[in-house]
Structures are given as structure tokens and as C-alpha cells.
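Input: a single structure, listed below in C-alpha cells.
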Amino acid sequence: MDELGQITEHLLRFSPDGLIVVDDQGIIRFANETTYELFGYEPTTLIGRNMEVLVPERLRTRHAEHVANFLVKPSKRAMGARVAALAARRADGSEFSAGIRLAPFHINGKLYVAAAIRDITERQRINEALIAAREEADRANRAKSRFLATASHDLRQPLQTIRLLNAAMFKIVKTNEMRGLLSQQQHAIDTMTRLLNALLDISRLESGAIEPKPVPVSIMELFEELEAEFSAAARARGLVLEFDPAPAVICTDRTLFYQLLQNLIGNALKYTDRGTVNVACVSDADGVIVSVTDTGIGIPADKLERIFDEYYQVDTHGAKRVGVGLGLAIVREVARILGISVNVSSQVGQGTQVRVVIPPKSVLSATAPPQAEDEEHVRVTNNATTRLILVEDNESVRAATELFLKLEGYEVQSAGSVAEAEPFFAKLRPGDVVIADHHLDEKRTGLDMLIELRQRFGYTVPGIILSGDLPSVLRSMRSAVPACVFLGKPVDTDALVQTIEELANASRREHGGSVEQLARSQAS
Ligand code: ADP
């Protein structure tokens, strides 16, 4: 045998695959040593036999059909690569999963087929184990998200009670010492509320329960809302918070995008002791870029990658760690869902810039939208006591809410159910505000109740709906409801009072000086 022949023989012998050659009649004309080991035959005993012996008996008829088809139109193909369980039969009748690759060739015009055969039983087993492990992990993750969502939702009721009682005690208590303790308590309640909100958000985002609803969003409008939300906090920290003009309109989920910016601006304010937080919006070839730039403590370069992880907080920030480490994890999830990217650059001691890049396909316009007429805000001062009808099925929440609202100077009539509230509704008059829990009973939501009242009395009864799962409630609604404000539990007491005032004033404005007349005509 010449040198090349010897090399070829070695290669064939040590090939990790079983290699066989069959002729156009299906007779095995060559088999390497690996084939004999794989199938458990004595060396050379396969030569001259029909390749059928390598196929389990139950599959032979089907195999013969495949062979016939293949011989009509032979082509290179990887049978084993695609067919997951191509069974092969050993000499002792046992079976294994085979990956088979076929290569037809001709010698002197006669067709032969070379086949490379590999035992893929182990690979398949590992694949199956991986799939099962992945499914198990997904299941566990979904269960975790469900648990977090339920737990954080259920914790809202008691937290709501504590928050309202705290606000009520603030009204009653006069000594500075006690007020100091109450304000510490309020601080703890705020922290807990933030944590609960963040937990609920992240679990909802991760569990895939949130479907983004893209609508045209004016960045300028978002900036105005964000400015209203954060300007007091910035002032309190002695920081300049500036929003640059932002003419762009993008197509995105408004609530989620707002939430993303909220988290970034919140962080910028939190981690900046002096200077400026600037929020800007520019358009270029990459799309629209919203940037939040602060002159704060900065983030070390080696920590930049980790800040988007859940519960990660930069250790060198020490006492600055006021959050819970979920804000940027929420940003990451929201960005993933909205298909936008978020980049951070930072210099320790100099500041941080976070850039949110909205790709061109989501940009509707980079220039200014037509200006809407400025809404006229007339504040009607009101001397009359606003009457509130509170419907809340949780007794302790109801008692705490009633106490707080009475201390705020309102006339409050409270009921544990719609039926119980009926005597109060019977005397409903314009200017009264209905406050109801969203989940009232199995049949009706607070909103259903409000709509029924509006039909019954023939005017837009103002309402506030409280819910422990505000985002879900808002998402389930098809359109906004006029003169109806949804507030999340635990409710921010300032926001509650402000909303009552706005609704009551608007209702009085709508009915002008005729409130008393209308009330009288309804009574008659
Ligand atoms: P936290 O609730 O702690 O703020 P985040 O997930 O929002 O959690 O942020 C993770 C960490 O990243 C923070 O704890 C902080 O160390 C760091 N970080 C985030 N934003 C900034 C910023 N603008 N400047 C400095 N550090 C920041």
C-alpha cells in the first residue's frame, strides 16, 4: 500500500464516526472499525450484507421506501442532523439514536452511497435535559413573578391604612417630638411603598404580562409632566432641573416610556448633591436620543455593566444608597420590551449621562407638532365644604381614609358596599365626589358603579377610583373616563386631596351658580 493509501486507512479506522459505503442495491461494501464498534459486530462481518441489518425491524419497510426515493434523486444531505430520533439497530437487537450524513458518488458509472453514522443518544439526552431544565427555570421564574405580584398587591391594603393613619396623626399631634417620630414613620412608609411598587413593576415586566401599546407620544409633553413631578424634589435638594425643548414625536407605549424616564431622572436627582440635572432630546441618524445628564457622584467604570442587574447598587456610594436597586432593572426590562437601547457613560466625581436611543422606525416626527390651544385653567375658589362619598370594602382602609379626609375638613359619608352607600347616593348633588375602591365586589367595579350613578343622575358625577394594581386597571380600559381619576394604593395623601379639590372645583364650574338649583330640582 502506498503512503497515501496507508494514511487513508488510518483516517478511516480512527474516524469518530462509523463510515460505511453501500452500493445501489443497498449492500454494504465497506465499513470502518468504528462502525463495527458502534453496532457491535465482529470486524468484516458486515461486508456483503444488506444495510437493512443496521435498521430496527419495525422500521425496515419505511427505510426501504426512503432508500428507493433517495436512489431516484441522490443528494448530499444530513439526515441525522435534522431527524431527531433516527433509530439504528445493534447486532444484539438493542437500539440507539443515530445522526446520519449521506454522500452519494459514482465509480465507473455505478452509484454508491457513503454514510457517516454517529451515536447521538448522549447528545439527545443532554438536549432533552437542557430543554426540561429551561422549562423548569421558566416555570419557577413565572411562579416567582406571580408570587411577587400577588404579595406586593396584597401588601398594599395594610400599607394604605398605615399611610392614611400616619397622615391623620400628623393632623392631630401638635408636639414637635411626636411630629418628628411621625415623619420618620412616614419616611419608612415611603420607602416601603417604593419597594412594593418596584417589585410589582419588575415582576409584571419579567413575567411577560405587559403588552406594550404603542401610540404617538410627544416628548415635550412627557418632559412637561416629568418637570411637574420632579421640580419640587429637585428644589428640595438644591439642584437645578432643566428640560430642553424637545420637538420630537415618537411611537411607543406612553406609560412604559414615562416610567423609564422617571427612573432615570429619579436616579440623577438621587445621586447628585450639587449642580444640575439636564434632560434633553436630540435627533440624528440613530433616531431620537433622550439624555439625562447629571453632575453627580458618577459610577466607576468597572461597575457600569452591573448597574442594570436586579438589586445591584454601587458599593462605593455608601450612604447614598437610598433606593432598593430595582430602578435600572426596570429600565432594562422596559427598554427591552419597547425595543430601545439605553447607554450610560460616567466619570466618578463628575457626573453621569444616560442616553435613551429610540430607533428611526419608532420616530414619527423629529420636528415640532402643531401646538394645542392652551387649556384655560380657572381656579374656582370654594367656600362650601366638599362632600365625599367613600365606598371601600376593606374596613381598616375605610376607617383610616375616612379619618384622614375628615381631618382634612371634608364631610365624609362612608360605606362598605354599593348597597350600603345607597342612602348617600340618593342625596347626591353636584360638587360631591365619589371615592371608591376599584375591586368592590364580584359583580361591579368602582368604575361600573360610577358610570351607573352618572346614568341615573344625568350628569358627570366626579369620581376617584383607588386600586392596588393601577397599571393593570389602566391597561384594561379602552379610553379615558372624563372627571374620573385613578389613583394607586397606597395612595399619596397630598395627591388625594389635590385630586378631590380639582374634581370638586371642575364639577362646580360645570354647573356654575346653578348647583343649588340643580340640587333642588333633583330633590324634588
Ligand atoms: P437604586 O434604587 O439603588 O437607585 P438602580 O437600579 O436605580 O437602584 O441603580 C443601581 C445603582 O446604580 C444605584 O444604586 C447607584 O449606585 C447607581 N446609579 C444609578 N444611577 C446613577 C446616577 N445617575 N449617578 C450615580 N450612580 C447611579
Side-chain angles (χ1 to χ4, degrees), residues 144-145 148 152 155 159 187-206 210 223 226-227 229-231 233-244 255-281 289-338 340-357:
K144 177 207 78 175
S145 299
L148 278 179
S152 43
L155 283 171
L159 193 56
H187 182 72
I189 297 170
D190 286 345
T191 309
M192 198 158 149
T193 307
R194 269 204 309 276
L195 175 59
L196 274 186
N197 287 342
L199 277 176
L200 190 61
D201 285 341
I202 195 87
S203 53
R204 251 207 246 98
L205 288 165
E206 279 186 345
I210 289 184
F223 278 13
L226 289 161
E227 187 166 15
E229 179 175 343
F230 286 103
S231 60
R235 251 196 321 276
R237 291 189 41 75
L239 299 172
V240 177
L241 173 61
E242 44 182 44
F243 286 82
D244 290 356
T255 318
L256 289 174
F257 191 67
Y258 187 86
Q259 192 180 13
L260 181 145
L261 294 182
Q262 250 179 338
N263 278 301
L264 296 180
I265 296 169
N267 274 353
L269 291 173
K270 227 164 32 179
Y271 299 105
T272 303
D273 285 332
R274 67 185 78 85
T276 310
V277 171
N278 172 276
V279 188
C281 175
I289 298 153
V290 176
S291 60
V292 179
T293 313
D294 64 55
T295 55
I297 53 178
I299 303 164
D302 61 329
K303 306 286 195 300
L304 277 179
E305 263 195 17
R306 300 210 45 204
I307 55 172
F308 288 93
D309 291 349
E310 285 167 31
Y311 296 111
Y312 184 79
Q313 300 185 302
V314 177
D315 43 15
T316 49
H317 289 176
K320 284 259 144 272
R321 293 194 286 162
V322 277
V324 290
L326 283 174
L328 290 182
I330 291 173
V331 167
R332 180 199 64 201
E333 282 303 303
V334 169
R336 180 182 62 78
I337 291 174
L338 297 183
I340 57 190
S341 59
V342 178
N343 315 310
V344 187
S345 55
S346 190
Q347 281 268 306
V348 172
Q350 306 279 308
T352 302
Q353 182 176 61
V354 185
R355 287 157 48 92
V356 180
V357 186

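Remember, it's 1-based here, ligands and their atoms both numbered in the order they're listed. Worth knowing before you read on, the calculation uses all heavy atoms, side chains too, and leaves out hydrogens, waters and symmetry mates. Quick note: residue numbers are just sequence positions, from 1.
Nearest residue to atom 25 (C) of ligand 1 from Y271, F308, Y312, Y311 is Y271 (criterion: closest heavy atom).
Counting heavy atoms closer than 4.0 Å to ligand 1, residue I307 contributes atoms from both its backbone and its side chain. When heavy-atom distances to ligand 1 are checked against a 4.0 Å cut-off, N263 has no atom that comes that close, whether in backbone or side chain. Contact annotation: for V314 versus ligand 1, heavy atoms closer than 4.0 Å belong to both the backbone and the side chain. The residue K303 has no part lying near ligand 1, judged by heavy-atom distances below 4.0 Å.
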Practice problem: Could you go through the side chain to side chain contact (heavy atoms under 4.5 Å, CB included) check for L226 and F243 one step at a time? | Solution: CA-CA 9 Å; L226 289 161; F243 286 82; 3.8 Å; yes
Quiz item: Passes side chain to side chain contact (heavy atoms under 4.5 Å, CB included), I265 versus L269? Steps please.
Solution: CA-CA 6 Å; I265 296 169; L269 291 173; 4.2 Å; yes
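Using a 4.5 Å heavy-atom threshold, the side chains of V314 and I297 count as separate. Between R237 and D273, the closest side-chain pair of non-hydrogen atoms falls below 4.5 Å. Put simply, the side chain of L260 does not reach to within 4.5 Å of the side chain of L256, judged on heavy atoms. Residues V279 and F223 are in side-chain contact: their nearest non-hydrogen atoms beyond the backbone lie under 4.5 Å apart.
Below 3.5 Å of separation, one finds an N or O of L328 facing an N or O of ligand 1. At least one N or O atom of G327 sits closer than 3.5 Å to an N or O atom of ligand 1.
The atoms of ligand 1 that sit less than 4.0 Å from any heavy atom of G325 are 1 (P), 2 (O), 3 (O), 6 (O), 8 (O). Here is the list of ligand 1 atoms found below 4.0 Å of a heavy atom in K270: 1 (P), 2 (O), 4 (O).
Among all heavy-atom pairs drawn from E310 and R332, the shortest one is OE2-NH2, 3.5 Å.
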